[in-house]
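A short worksheet on the structure shown next.
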Amino acid sequence: MPIIGVFMSSYDFDESLVRLGFSDFFRARVLSSALFERGLAVPARVLAEARGRYSVSTGDEVFAAVLAGHVEHAGEHAAVGDFVLVARPSESLARIVQVLERKSAFRRRAPESVLAQTIAANVDLAIVVAAHAADGADDYVRARGLNPRRIERYLRAIRDAPARALVVVNKADQNADFEAHAAALSRELRIASVISTSTESGMGLAELTAELLPGSTAVLVGASGVGKSSLTNALLGRSAQSIGSVRAIDTRGRHTTTARELFTLPNGAMLLDTPGMREFGLFADDGADSSRTGFAEIDELAPSCRFRDCKHQNEPGCAVLAAVEAGTVRGERLNQAHKLERELAFQRDRHDPQRQMAQTAKRKAQAKATRSLQKSPWKR
Ligand SMILES: Nc1nc2c(ncn2[C@@H]2O[C@H](COP(=O)(O)OP(=O)(O)OP(=O)(O)O)[C@@H](O)[C@H]2O)c(=O)[nH]1
Ligand SMILES: [Mg+2]
Ligand SMILES: [Zn+2]
């Protein structure tokens with residue numbers, strides 16, 4: 001805890017706060033704060049957030065905090081990684097009285113929503129995690145794990161942050177050709193640093209650790225199920241984050257990680273694991289052709305469909321359905337494409353209150369109709 005300095009300009013912040021990533025950038029901002037000068041607040045870093053409740057650390061103390069009323073009313077929000085000024089905790093609950101200007105912010109671009117969500121604040125390095133497909137896996141799995149287009153969208157958001165970017169392709173243990181795949185990805189993305197890892201064999205973990213510098217902050221981003229939490233645990237050397245089973249994610253579209261917490265690794269680097277963001281690049285936010293399914297033979301035929309936005313479900317003049325009929329495209333592949341599309345639609349709806357309300361209304365009307373159908377034979 002700082003004691004009100006007589007010579008503020010030569011004020012020395014706790015070494016423990018510096019270890020949390022507190023740099024000259026924040027130092028200058030704290031020193032110019034009247035609240036700090038008057039001894040009413042101390043600097044701290046937000047380590048975790050869940051439903052408006054924060055966990056903040058001053059370096060030698062961690063406590064629960066909420067946003068002060070005036071901060072909330074100003075429409076401000078604190079994200080994990082933010083440096084803040086907190087009013088000394090009365091009992092156990094502290095109040096965040098000021099969110100310090102950010103050095104960088106990794107944000108999810110969600111143009112269908114008015115708010116761009118800040119995933120992590122003050123990150124130095126953002127690691128896009130993808131996964132090598134298991135030997136013999138079909139395109140459906142490949143599209144989920146290792147999709148250059150999707151990785152590109154993450155890279156764009158990282159550039160905007162701004163932060164240094166690194167691509168990690170995990171699960172190298174399950175693909176004999178992982179080196180060739182990683183090299184191809186590196187060429188396609190024109191990014192030098194692509195590291196293949198495996199949390200099963202430990203491969204690439206030392207190389208990855210070398211990228212995580214003491215006092216710096218890194219965030220893991222990427223699709224659900226690629227192994228971000230597994231990597232977090234491996235780097236931490238303990239089971240801090242729970243791991244999901246791929247099957248549960250595939251069938252129910254659930255994410256394993258829901259909490260966001262900034263961990264300090266044994267080497268002094270800080271690491272934030274985030275929930276998979278399958279919806280990340282799925283908004284039609286950059287003129288991307290949303291009608292593409294990622295299934296090569298289907299996308300090749302789509303331009304021949306009568307309607308430009310053909311969903312290949314029951315539209316007249318659908319070239320894909322014709323091909324399935326003719327046996328040149330496997331029906332199973334079309335089913336998989338539809339399944340993926342439904343999943344994406346689910347993700348989109350989840351983040352759009354208006355669509356959500358419409359969905360709820362539709363469900364209610366359907367339930368009512370079903371009930372009256374069930375009742376009518378007996379009640380009349
Ligand atoms: N074969 C193999 N499987 C792995 C590896 N790393 C993780 N897995 C498995 O992949 C599945 C998903 O791992 P998680 O770490 O939960 O994935 P995640 O990216 O954190 O997923 P979300 O939290 O949903 O975003 C689990 O079944 C892990 O056991 C790996 O290197 N090789
Ligand atoms: Mg996870
Ligand atoms: Zn069609």
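Every number for a ligand or one of its atoms is a count from 1 in the order of the listing.
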- Query: Given that the side chain starts at C-beta and the backbone is N, CA, C, O, which of these parts of Lys171 lies under 4.0 Å from ligand 1, counting heavy atoms, or is it both or neither?
  - Reply: both
Per-atom contacts of ligand 1 with [X], taking only distances under 4.0 Å to non-hydrogen atoms:
X: Ser198; result: 31 (O)
X: Pro275; result: 25 (O)
X: Asp173; result: 1 (N), 2 (C), 30 (C), 31 (O), 32 (N)
X: Asn170; result: 5 (C), 6 (N), 7 (C), 30 (C), 31 (O)
X: Ser230; result: 6 (N), 7 (C), 13 (O), 14 (P), 15 (O), 28 (C)

- Query: Does a sphere of radius 6.0 Å around CD in Gln313 hold more than 12 heavy atoms from other residues, nucleotides or ligands, not counting ones at 6.0 Å or beyond?
  - Reply: yes
- Side chains of His77 and Thr118: donor-acceptor distance under 3.5 Å anywhere? no
- Could you tell me whether any N, O or S atom belonging to Ser229 is less than 2.8 Å from the Mg ion (ligand 2)? yes
Looking at every non-hydrogen atom in both residues, tell me the closest pair between [X] and [Y] and how far apart they are.
X: Ala163; Y: Ala161; result: N-CB, 3.7 Å
X: Thr274; Y: Val221; result: OG1-CA, 3.8 Å
X: Ala223; Y: Arg150; result: CB-NH1, 4.3 Å

Which donor-acceptor pairs under 3.5 Å do side chains of residues 78-87 form with protein atoms, sequence neighbours excluded?
from: Asp82; atom 1: OD1; to: Arg102; atom 2: NE; distance (Å): 2.8
from: Asp82; atom 1: OD2; to: Ala79; atom 2: N; distance (Å): 2.7
from: Asp82; atom 1: OD2; to: Arg102; atom 2: NE; distance (Å): 3.3
from: Asp82; atom 1: OD2; to: Arg102; atom 2: NH2; distance (Å): 2.7

Donor-acceptor contact present, side-chain [X] to main-chain [Y], <3.5 Å:
X: Ser33; Y: Leu35; result: yes
X: Thr217; Y: Asp124; result: no
X: Thr328; Y: Ala323; result: yes

- Item | Atom pair NE2/CD1 of His70 and Ile96 - distance to nearest 0.5 Å | 10.5 Å
- Heavy-atom distance to atom 5 (C) of ligand 1: which of Thr199, Thr232, Leu205 wins? Thr199
Do any nitrogen or oxygen atoms of [X] lie less than 3.5 angstrom from nitrogen or oxygen atoms of ligand 1?
X: Asp273; result: no
X: Gly225; result: yes
X: Thr197; result: no

- Query: Is Arg156 close enough and on-axis enough to Tyr154, meaning under 6.0 Å and within 45°, for cation-pi?
  - Reply: no
- Message: What protein N/O/S atoms are there under 2.8 Å from the Zn ion (ligand 3), waters excluded?
- Response: Cys305 SG, Cys310 SG, His312 ND1, Cys318 SG
